[in-house]
Asks: 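This structure is in structure tokens; I'll ask about it shortly.
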Amino acid sequence: MKAVTWQGKRKVSVDNVPDPVIEKPTDAIIKVTSTNICGSDLHLYEVLGPFMDAGDVLGHEPMGIVEEVGSETGDLKVGDRVVIPFQMSCGRCWMCDKTLYTQCETTQVREHGTGAALFGYSKLYGQVPGGQAEYLRVPQAHFTHIKVPEGPADDRFVYLSDVLPTAWQAVVYADVPPDGSLVVLGLGPIGDMACRIAKHNNPERLVIGVDLVPERLARARARGVDVIDLNDHQDDLVAVVQGMTNGRGPDSVIDAVGMEAHGSPGLSLVQKMAGMLPDALAAPLIEKAGVDRLAALYSAIELVRRGGTISLSGVYGGMADPIPMLTMFDKQIQLRMGQANVLKWAPDILQLLTDDDPLGVDDFATHRLPLSEAPHAYEIFQKKQDGAIKVMLKP
Ligand SMILES: NC(=O)c1ccc[n+]([C@@H]2O[C@H](COP(=O)([O-])OP(=O)(O)OC[C@H]3O[C@@H](n4cnc5c(N)ncnc54)[C@H](O)[C@@H]3O)[C@@H](O)[C@H]2O)c1
Ligand SMILES: [Zn+2]
Ligand SMILES: [Zn+2]
């Protein structure tokens, strides 16, 4: 089959790789019909290369049709239309019982001390072949799937794999009071969708989105979000936001940016160093040192009102990042974070994936390209060229 493979820093290719086969009774094989590129894939493309091997199949936002099932896949049947969550979870362990599916004790990657295995997401998360491919092997398939109805185009459902539950969890964790205010840092797919969900829950609520890319700002503004262009407010962002929030700052801040934030020159040095070293030296550097560019997190800490809540959905990966504990403690900040527990939120979200499309998923993708154009797709998404905000690949 054809699959998108990681080949090195800023290099992916579309190659012929062996077709996946059923390896365990709980496996299923999916024929992929749509599969997205995510901001998290960009971290592999740029910073997390030391945890990748050339040839690793990328992708964790697929949907498709069940092609083959093992003998223990429960009610999953050949021909079912399914979205596959980005994490693998068993549905039976102590963590799954608590709906902490990203911490599943059956799929945890103990070798690296990390949580549940993720599709197409480096050795840190199990090096499981991903879903930017014609076919995907789904481990723990009896539980790791969301059945969706026939009828609407894939666009309606495909974001259940990641964007929707991640944005949903970000908003839940942000714990915005009913009439409170929310700042969303980063208006990529995750931040954009978090704004939409926060507005859907309460259209009167003040939601402020911050980014530096004109079309991303425009897209959020068109849905009633107050936007701030960071290019114009690099130095006075806090003052501007305070001016909009009674001088105190917002009740809640979502960081939808993560480890590659714009505007952190000092720390990007470690990312650069890690990029130049051979993997054997770079991987321990990343695992022990602070590699993250922390501009967005620092903004969140500065912006949020005293006693407010920060919700981190942007991915961070450094082991020793410098954090302003004095400010965080003094301001009595509450902080929640983590990968989204996809199947926890899917039933609530499915109710909003209707013909009237309140969250605007049907035209959320800016690009729909054949799988063979993945190298171009990664490039325009990373460089924010050609209006690329969300790219869907079609095998
Ligand atoms: N927690 C999860 O389960 C989960 C799931 C999916 C994605 N993510 C993470 O969420 C983050 C966003 O993902 P995405 O797909 O929207 O990616 P993206 O890269 O398209 O979006 C990031 C946005 O942040 C903006 N930005 C950069 N620096 C900024 C700054 N200092 N202040 C404000 N905005 C800034 C960029 O212009 C960009 O629009 C990534 O870190 C990704 O890994 C987490
Ligand atoms: Zn993703
Ligand atoms: Zn489990």
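All residue numbers refer to positions in the sequence shown, counting from 1. Heavy atoms only: backbone and side chains are in, while hydrogens, waters and symmetry mates are out. Since we're looking at a predicted model, the values are computed, not measured.
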Asks: Decide whether Gln108 and Thr106 meet the rule of one side-chain donor and one side-chain acceptor closer than 3.5 Å.
Replies: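 Short answer, no.
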
Asks: Taking Gln132 as the fixed residue, which of Val32, Val14, Asp41 is the one that meets the side chain to side chain contact (heavy atoms under 4.5 Å, CB included) rule?
Replies: Asp41

Asks: Treating His60 as the side-chain partner and Leu118 as the backbone partner, does any N or O pair qualify as donor plus acceptor under 3.5 Å?
Replies: no

Asks: May I ask you to say whether Lys199 pairs ionically with Glu204, meaning some side-chain N is under 4.0 Å from a carboxylate O?
Replies: no

Asks: Say whether, by atom type as modelled, one donor and one acceptor occur between the side chain of Thr107 and the main chain of Met88 under 3.5 angstrom.
Replies: yes

Asks: Shared ILVMFWY cluster between Leu237 and Leu212, side chains joined below 4.5 angstrom?
Replies: yes

Asks: Judged by atom type as modelled, is there a donor-acceptor pair below 3.5 Å linking the side chain of Gln103 to the main-chain atoms of Ala116?
Replies: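 Absent.
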
Asks: Cut-off 3.5 Å, side chains only: do Gln140 and Asp27 have a donor facing an acceptor?
Replies: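 No pair is found: no donor N or O on one side chain lies under 3.5 Å from an acceptor on the other.
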
Asks: For Asp330, I'd like to know if atom CG has over 12 heavy atoms of other residues, nucleotides or ligands within 6.0 Å.
Replies: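 Yes, the 6.0 Å shell around CG holds more than 12 heavy atoms from other groups.
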
Asks: Apply side chain to side chain donor-acceptor pair (under 3.5 Å) to Thr309 and Asp175, showing your working.
Replies: CA-CA 7 Å; Thr309 303; Asp175 196 22; 4.7 Å; no

Asks: Hey, what do you get for OG1 (Thr366) to CZ (Arg216), rounding to the nearest 0.5 Å?
Replies: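 Reported to 0.5 Å precision, the distance equals 8.0 Å.
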
Asks: Do Tyr316 and Asp255 have side-chain N/O donor and acceptor atoms under 3.5 Å apart?
Replies: yes

Asks: Would you verify whether the NZ or CZ of Arg219 falls within 45 degrees of the ring axis of Phe364 while also being under 6.0 Å from that six-membered ring's centre?
Replies: yes

Asks: Taking the basic N atoms (NZ, or NE/NH1/NH2) and the acidic carboxylate oxygens, is any pair closer than 4.0 Å for Arg10 and Glu46?
Replies: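 Looking at Glu46 together with Arg10, the answer is yes, because their closest N to O distance falls below 4.0 Å.
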
Asks: According to a hydrophobic-cluster definition based on side-chain heavy atoms being under 4.5 Å apart (Ile, Leu, Val, Met, Phe, Trp, Tyr only), do Leu185 and Ile323 belong together?
Replies: yes

Asks: Hey, are Asp192 and Arg223 close enough for a salt bridge, meaning a charged N less than 4.0 Å from a carboxylate O?
Replies: no

Asks: In terms of hydrophobic clustering (I, L, V, M, F, W, Y; side-chain heavy atoms under 4.5 Å; direct or indirect links), are Tyr298 and Val210 co-clustered?
Replies: yes

Asks: Under the salt bridge (charged side-chain N to carboxylate O under 4.0 Å, His left out) test against Arg156, which residue among Asp355, Asp357, Asp363 passes?
Replies: Asp355

Asks: Any carboxylate oxygen within less than 4.0 angstrom of a Lys/Arg side-chain nitrogen, looking at Asp155 and Arg368?
Replies: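 Looking at Arg368 together with Asp155, the answer is yes, because their closest N to O distance falls below 4.0 Å.
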
Asks: For Asp386 and His367, which I'm curious about, is there any donor-acceptor pair between the side chains at under 3.5 Å?
Replies: yes

Asks: Do the side chains of Asp251 and Arg305 get close enough for a salt bridge, i.e. N-O under 4.0 angstrom?
Replies: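 Here Asp251 pairs with Arg305 in a salt bridge, since their nearest N and O are under 4.0 Å apart.
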
Asks: In terms of relative ring orientation, are His112 and Phe51 parallel, tilted or perpendicular, with 30° and 60° separating the classes?
Replies: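 Judged by the thresholds at 30° and 60°, the geometry between His112 and Phe51 is perpendicular.
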
Asks: For the backbone of Tyr45 and the side chain of Lys11, can you confirm whether one donor and one acceptor N or O come within less than 3.5 Å of each other?
Replies: no

Asks: Any side-chain heavy-atom pair from Leu369 and Val391 closer than 4.5 angstrom?
Replies: yes

Asks: Please state whether the rings of Tyr173 and Trp345 are parallel, tilted or perpendicular, taking 30° and 60° as the class boundaries.
Replies: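 Judged by the thresholds at 30° and 60°, the geometry between Tyr173 and Trp345 is perpendicular.
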
Asks: Any donor-acceptor pair under 3.5 Å linking the side chain of Thr166 with the backbone of Val163?
Replies: no

Asks: Using only heavy-atom distances, determine whether the side chains of Asn16 and Lys2 contain a donor-acceptor pair under 3.5 Å.
Replies: yes

Asks: Counting only N and O atoms by type, is there a donor-acceptor contact under 3.5 Å from the side chain of Thr114 to the main-chain atoms of Leu124?
Replies: yes

Asks: For Gly79, does its backbone N or O pair with a side-chain atom of Lys31 as donor and acceptor, under 3.5 Å?
Replies: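 No.
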
Asks: Salt bridge or not between Glu379 and Lys383? Use side-chain N to carboxylate O under 4.0 Å.
Replies: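 Here Glu379 pairs with Lys383 in a salt bridge, since their nearest N and O are under 4.0 Å apart.
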
Asks: So that I can tick it off, tell me whether Arg205 and Asp179 are bridged by a salt bridge, with the cut-off set at under 4.0 angstrom between side-chain N and carboxylate O.
Replies: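 Looking at Arg205 together with Asp179, the answer is no, because their closest N to O distance does not fall below 4.0 Å.
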
Asks: Classify the side-chain pair Thr99/Asn341 by whether it contains a donor and acceptor separated by less than 3.5 Å.
Replies: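 Thr99 vs Asn341: no donor-acceptor pair found between side chains.
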
Asks: Would you say Asn36's side chain and Cys38's backbone share a donor-acceptor pair under 3.5 angstrom?
Replies: no

